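Some notes on the structure that comes next.
If you're wondering where the values come from, they're calculated on a predicted model, not measured in any experiment.
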Amino acid sequence: MLDLHTMNPRQLEAVRCNEGPLLVLAGAGSGKTRVITYRIAYLLLHRQVPAENILAVTFTNKAAREMQERMTALVGAKRCKEAVLSTFHSLGVRILRQEIGLLGYKRNFAIYSGSDQLGLMRQALRETGAAEGRKVDAEAVLWKISAAKNLLLGPGELAVAAGDDWAAVAAAVYPRYQSLLKACNAVDFDDIIMLTVRLLQHHPEVLARWQERFRYIMVDEYQDTNPSQYLFISLLAAKYRNLCVVGDDDQSIYGWRGADVEKILAFEKDYPGCRLVKLEQNYRSTGTILAAANGVIRNNPKRKDKTLWTNAGKGEPIDLVIARDDEEEATRVVERLQLECFKGNLSCGDFAILYRTNAQSRAFEEQLRFAEIPYVLIGGMQFYERKEVKDALCYLRAIANPRDEQALLRIVNFPRRGIGDGTLIRLNQWSQEQGVGLFEAFARVGEIEGIVTATRERLLAFHGLLAGEIAAFRKRGRLAERLGELFKRLGIEEELFRTIDDPKVARRRAENVEQIINSLAGYEERTASPSLSGFLEKVSLLDDDRFAGKDKKEHGQDAVTLMSLHSSKGLEFPFVFLVGLEEEILPHKRSIYEDFSIDEERRLCYVGITRARRQLVISRCLQRKKYGKLEERQPSRFLAEIPAELVNDEGAKESSPEEAERLAGDAFAKLRSMFG
């Protein structure tokens, strides 16, 4: 139900402003998602805008799902069914699936993940000789090409931007890498946006079609857009100019991924006559926490002026802990955590420990384990990045798109079939000479000289297996059932137990493979017209879990959360420990000595502070270990930017080892009794 009386005046202003460009500066905890969903509901219910003319774009699948769920609750599933609420990449795929033929691709193109791109890049490096006998970091070259694509630089344009060794290699290999992608009827993640923009720029009829479709456009987290995403949205919105962007320049922390904070800062210049609405009332944190955040962020010279405030009251002062070293820092943080649990005020799931670099987690993990406190570490290897999962998924990729040669090469010896690298090199050479795909080369292996009879038979059997599965999976329904049968025939579980010495590890990995079947079954249940390519598209577009909300506390586990500041954006916790506030950590040494700009580091600190709802504890060390030796540390400049009257430094006094041991002993005893 849409009850506009529950909104504050600024939120209501943003909801009712529907025609023309609108910039909503939404401070941390100011209810921006609510504003976006209410704005869509207002368009549907009060302005009678057809749902198919509404587009809302965000950066993560989690945020898109949350918007969809809220919209369904507000107006009902039927009324908002045709509205598009998606990520940038999902929107790009939606357009490409219909229009990519104009660029010489087929509609069933594959989307290559990071490891697939790496394999293709290594092939391109070999074929072009761009490395010139040197050992080349293929990932570094891919990073350069990714950055070029985000700037909409094609294979023939990167040479102009070449400025270092890796950029020179990238410029040389980029054309071959791109041609290999196209030969496989595949795109990488950066292609999704770049190719979509190319379509819109060079095919006026395509642009006109999608401009008519999306007359009302909303973009969430606009401060995180890169140049290609910015142009993508600008093209779609150019005709009707009903573009509402929501964001916070003070929370722009992904510059290292290509996000350009200048886009939100220049929005009013890009769209003359733009209306500006500031959401400054915070519904998350206490007055003290907000005053600390305001005190820090106001020191950034280039920002939109705004000041967070709340009706929630002043709250508790910020506690400062100064520890002798990183080991004591972890000990004292865990002691404080235990004390709060002892008081009965909070449970483990109410706490978060936030740090600038993942390497800082080690000491806290050790102390939490020692204290037998459950915790979840955000940012570990994700499910779809695990080797056995990727191997198994490559069967589905090859079945859905037999031209996907990276997938074919990954599974031709999984499970092991006794097909050597020399044979695969010969196959690849022959397929290039004959101008045929690798899948066809498997079927014609009898024509290739230098391959022994036994190996030819194995390759023919492999081709026959895949050909049979391609035919089987074209039939409607039973996708998960067919996949389970295929994995059994392949003997994947037996292969894992045969090749992994530790049975527990083998079992874990076999269960991961089983989860692919479960995931496909769930997809079939939730989808009106399920297909193998649709499932693979869903998997490919899953977030990389470096942004907020991707890793979950399994089964509702009551556990302390450990995560980097980058991962914490968008989340909130009753009690936050912001640790390691020292020069060269926060701000990071790279920003001090290489980039010579700490604006984004200050925004990271601001994000960390505003994750706390009720209580914030900040810590730093006098010394910290580096290669096993203690080095003196200097306090972060951001500490001096927090008004002194907000900080309680009683916790900064160092406790004696005897006192620390006594406090720890009492806390451990109470904790063990609490956990039974």
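The backbone N or O of I192 sits nowhere less than 3.5 Å from a side-chain atom of K149 that would complete a donor-acceptor pair. Not one N or O on the side chain of R10 forms a donor-acceptor pair closer than 3.5 Å with the backbone of L279. At least one donor-acceptor pair closer than 3.5 Å links the side chain of R603 to the backbone N or O of S252. Remark: the backbone N or O of L235 is not paired with any side-chain donor or acceptor of Q201 at under 3.5 angstrom. Formation of a donor-acceptor pair under 3.5 Å by the S567 side chain with backbone atoms of M563 is not found in this model. Without hydrogens or angle criteria, R476 side chain to S529 main chain gives no donor-acceptor distance under 3.5 Å. In terms of modelled atom types and a separation under 3.5 Å, the side chain of S519 and the main chain of I516 share no donor-acceptor contact. In this structure a side-chain-to-backbone donor-acceptor pair under 3.5 Å is present from E157 to G154. Under the 3.5 Å distance criterion, the side-chain polar atoms of Q98 are left unmatched by any main-chain donor or acceptor of I95. Between the side chain of Q229 and the backbone N or O of N226 there is at least one donor-acceptor pair closer than 3.5 Å.
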Y174 and S179: side-chain contact (heavy atoms from CB on, under 4.5 Å), yes or no, with the steps?
CA-CA 9 Å; Y174 187 1; S179 67; over 6 Å; no
Is there a side-chain hydrogen bond (donor to acceptor under 3.5 Å, both in side chains) between Y523 and N518? Walk through the geometry before answering.
CA-CA 9 Å; Y523 164 78; N518 296 340; over 6 Å; no
Carefully, step by step, assess L532 and L483 under the rule side-chain contact (heavy atoms from CB on, under 4.5 Å).
CA-CA 10 Å; L532 204 53; L483 183 60; over 6 Å; no
Criterion side-chain hydrogen bond (donor to acceptor under 3.5 Å, both in side chains) on D249 and Q223, from CA distance to verdict
CA-CA 6 Å; D249 54 302; Q223 76 280 352; over 6 Å; no
From CA spacing to verdict: side-chain hydrogen bond (donor to acceptor under 3.5 Å, both in side chains), Q251, D224:
CA-CA 9 Å; Q251 296 187 76; D224 292 333; over 6 Å; no
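The pair R303-D250 meets the salt-bridge criterion, with a side-chain N (NZ, NE, NH1 or NH2) lying under 4.0 Å from an Asp/Glu carboxylate O. The residues E212 and K239 are annotated as salt-bridged, a charged nitrogen and a carboxylate oxygen being separated by less than 4.0 angstrom. Using a 4.0 Å cut-off between a side-chain N of Lys or Arg and a carboxylate O of Asp or Glu, E572 and R613 qualify as a salt bridge.
Atom CD in Q281 sits 7.0 Å away from atom OG1 in T310 (nearest 0.5 Å). We find the CD1-CG distance between I411 and D404 to be 9.0 Å, quoted to the nearest 0.5 Å. Between S86 atom OG and N61 atom CG the span is 9.0 Å, to the nearest 0.5 Å. Taking CE from M218 and CD1 from I36, the interatomic distance works out to 8.0 Å, rounded to the nearest 0.5 Å. We find the CG-CD1 distance between L85 and I54 to be 8.5 Å, quoted to the nearest 0.5 Å. To the nearest 0.5 Å, atom OG of residue S146 and atom CG of residue D188 are 7.5 Å apart.
Just one of I40, V84, V219 meets the side chain to side chain contact (heavy atoms under 4.5 Å, CB included) condition when paired with L55; it is V84. None of T196, V93, I233 except one satisfies the side chain to side chain contact (heavy atoms under 4.5 Å, CB included) rule with F88; the exception is I233.
Contact annotation: the side chain of R397 approaches that of Y112 to within less than 4.5 Å [non-hydrogen atoms, C-beta and beyond]. With contacts defined as side-chain heavy-atom distances shorter than 4.5 Å, the pair Y177/L120 qualifies. At a threshold of 4.5 Å between non-hydrogen side-chain atoms, the residues R275 and L23 do not count as touching. Looking at heavy atoms from C-beta onward, K387 lies in side-chain contact with R410 at the 4.5 angstrom threshold. Annotation: side chain of F535 is not in contact with side chain of L479 (no heavy-atom distance under 4.5 Å). Side-chain contact between L231 and S228 is absent, with no heavy-atom pair separated by less than 4.5 Å. Residues R65 and K62 meet the side-chain proximity criterion, which asks for heavy atoms closer than 4.5 Å. D248 is not listed as a side-chain neighbour of L25, based on a closest heavy-atom distance of 4.5 Å or more.
In this model, no donor atom of one side chain and acceptor atom of the other lie less than 3.5 Å apart for N18 and N242. For the residue pair Y254/D260, the side-chain donor-acceptor check at 3.5 Å is not satisfied. A donor-acceptor contact closer than 3.5 angstrom is absent between the side chains of S30 and N282. A donor-acceptor pair shorter than 3.5 Å cannot be found between the side chains of D116 and Q406. Remark: the N300 side chain and the R602 side chain contain an N/O donor-acceptor pair separated by less than 3.5 Å. With no hydrogens or angles considered, a side-chain donor-acceptor pair links K390 and S115 at under 3.5 Å.
L565 approaches I253 most closely through the heavy-atom pair O-CD1, 4.3 Å. Looking at every heavy atom in both residues, V35 comes nearest to A14 through CG1-CB, 3.8 Å. Listed here is the closest heavy atom pair of L354 and R611: CD1-CG, 3.8 Å. Taking each heavy atom of A398 and A407 in turn, the nearest pair found is N-CB, 4.1 Å. Shortest non-hydrogen contact noted between L44 and C80 is CD1-CB, 4.2 Å. Residues N108 and A400 come closest through the heavy atom pair ND2-O, 3.9 Å.
Remark: R241 CZ is packed, more than 12 non-hydrogen atoms of other residues, nucleotides or ligands lying under 6.0 Å away. Within 6.0 Å of CD in E139 there are 12 or fewer heavy atoms belonging to other residues, nucleotides or ligands.
Sorted by first and then second residue, the ring-ring contact (aromatic ring centres under 6.0 Å, His included) pairs involving residues 215-241 (not counting sequence neighbours) are Y222-F267. For residues 26-35, every residue pair satisfying the salt bridge (Lys or Arg N to Asp or Glu O under 4.0 Å) rule, not counting sequence neighbours, is listed here: K32-D220, K32-E221. Within the structure, the side chain to side chain donor-acceptor pair (under 3.5 Å) test picks out no pair touching residues 74-85 (sequence neighbours left out). Judged as a salt bridge (Lys or Arg N to Asp or Glu O under 4.0 Å), the pairs with a partner in residues 192-211 (not counting sequence neighbours) are, in order, E99-R209.
Qualifying salt bridge (Lys or Arg N to Asp or Glu O under 4.0 Å) partners for R107, counting only residues two or more places apart in sequence or in other chains: none. The side chain to side chain contact (heavy atoms under 4.5 Å, CB included) search around N53 returns V49, P50, R215, not counting sequence neighbours.
Remark: R97 is positioned above the aromatic ring of F109, its terminal NZ or CZ atom under 6.0 angstrom from the ring centre and at most 45 degrees off the axis.
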